[in-house]
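Worksheet: the structure to be examined is printed underneath.
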Amino acid sequence: MAPKKVPPKPVKIKKEVIVEYKLRHILSKDEKRINDAYKMFDENYLQKGEEITPDIFGGVAQKISECPSAKKGGAIGWFGKGKLDPEFEKVAFRMGEKTISQVFKASKGYHIVYAEEKRTKK
């Protein structure tokens with residue numbers, strides 16, 4: 001009697017899920033200046049439970065950010081992991097949509113990040 005043939009088990013291929021964030025930021029080398037900006041966001045919006053919109057964040061970025069992206073309201077575009085300064089990513093990629101970070105230091109100075117949107121790609 002011939003041995004019974006067993007069909008091969010199907011192999012599951014895991015699709016890599018890529019998470020990207022649409023970000024804005026404010027950059028300053030002056031710690032007091034950026035802390036004052038965060039205090040304004042906190043007192044005028046966060047403590048009142050009001051949303052900080054891209055336009056609101058962008059208006060502040062245009063006034064105080066030292067990054068060339070200030071001209072675009074601090075908009076720096078869509079990013080996935082491995083594309084930005086590791087200290088910047090550590091903060092930005094833990095955020096929810098439409099939220100701002102507290103002030104943090106990375107290689108180019110002090111930052112406040114605004115996570116505008118989040119998307120996943122397969």
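Quick note: residue numbers are just sequence positions, from 1.
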Name each donor-acceptor pair under 3.5 Å that joins a side chain in residues 47-55 to protein atoms two or more places apart or in another chain, with its distance.
| unit_1 | atom_1 | unit_2 | atom_2 | d |
| --- | --- | --- | --- | --- |
| Gln47 | NE2 | Asp42 | OD2 | 2.8 |
| Thr53 | OG1 | Asp55 | N | 3.4 |
| Thr53 | OG1 | Ile56 | N | 3.1 |

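- The shortest side-chain heavy-atom distance between Tyr21 and Trp78 does not fall under the 4.5 Å cut-off.
- Take Arg119 and apply the salt bridge (charged side-chain N to carboxylate O under 4.0 Å, His left out) test, not counting sequence neighbours, and it matches Glu20.
- Screening residues 67-79 for salt bridge (charged side-chain N to carboxylate O under 4.0 Å, His left out) gives no qualifying pairs among residues at least two apart or on separate chains.
- For the atom pair CD of Glu43 and CG of Leu46, the computed distance is 10.5 Å after rounding to the nearest 0.5 Å.
- In this structure Asn44 satisfies the side-chain hydrogen bond (donor to acceptor under 3.5 Å, both in side chains) test with no other residue, sequence neighbours excluded.
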Under 3.5 Å, which donor-acceptor pairs do the side chains of residues 59-67 form with other protein atoms, sequence neighbours left out?
| unit_1 | atom_1 | unit_2 | atom_2 | d |
| --- | --- | --- | --- | --- |
| Ser65 | OG | Leu27 | N | 3.1 |
| Ser65 | OG | Cys67 | N | 3.3 |
| Glu66 | OE1 | Lys29 | N | 3.2 |
| Glu66 | OE2 | Ser28 | OG | 2.9 |
| Glu66 | OE2 | Lys29 | N | 3.4 |

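- Residues satisfying the salt bridge (charged side-chain N to carboxylate O under 4.0 Å, His left out) test with Lys108, not counting sequence neighbours, are none.
- With sequence neighbours excluded, no residue forms a side-chain hydrogen bond (donor to acceptor under 3.5 Å, both in side chains) with Tyr38.
- Contacts classified as side-chain hydrogen bond (donor to acceptor under 3.5 Å, both in side chains) and involving residues 93-107 (residues at least two apart or in different chains) are given here: Asp85-Ser107.
- For the pair Met95 and Tyr114, the minimum side-chain heavy-atom distance is 4.5 Å or more.
- For Phe104, the ring pair (Phe, Tyr, Trp, His ring centres under 6.0 Å) criterion is met by Phe88, His111, not counting sequence neighbours.
- Every residue two or more places apart in sequence or in another chain was checked for a salt bridge (charged side-chain N to carboxylate O under 4.0 Å, His left out) with Glu89, and none qualifies.
- Between the Arg24 side chain and the Ile76 main chain, no donor and acceptor come within less than 3.5 Å of each other.
- In this structure Glu87 satisfies the side-chain hydrogen bond (donor to acceptor under 3.5 Å, both in side chains) test together with Lys90, sequence neighbours excluded.
- Here Leu23 contributes atom CG and Glu117 contributes atom CD; the two are 10.5 Å apart, rounded to the nearest 0.5 Å.
- The CD1 atom of Ile112 lies 7.5 Å from the CG atom of Asn35; values are rounded to the nearest 0.5 Å.
- Among all heavy-atom pairs drawn from Asp30 and Tyr110, the shortest one is C-CD1, 4.4 Å.
- In this structure, NE2 on His25 lies 14.0 Å from CD1 on Ile100, to the nearest 0.5 angstrom.
- With sequence neighbours left out, the ring pair (Phe, Tyr, Trp, His ring centres under 6.0 Å) criterion links Phe41 to Phe57.
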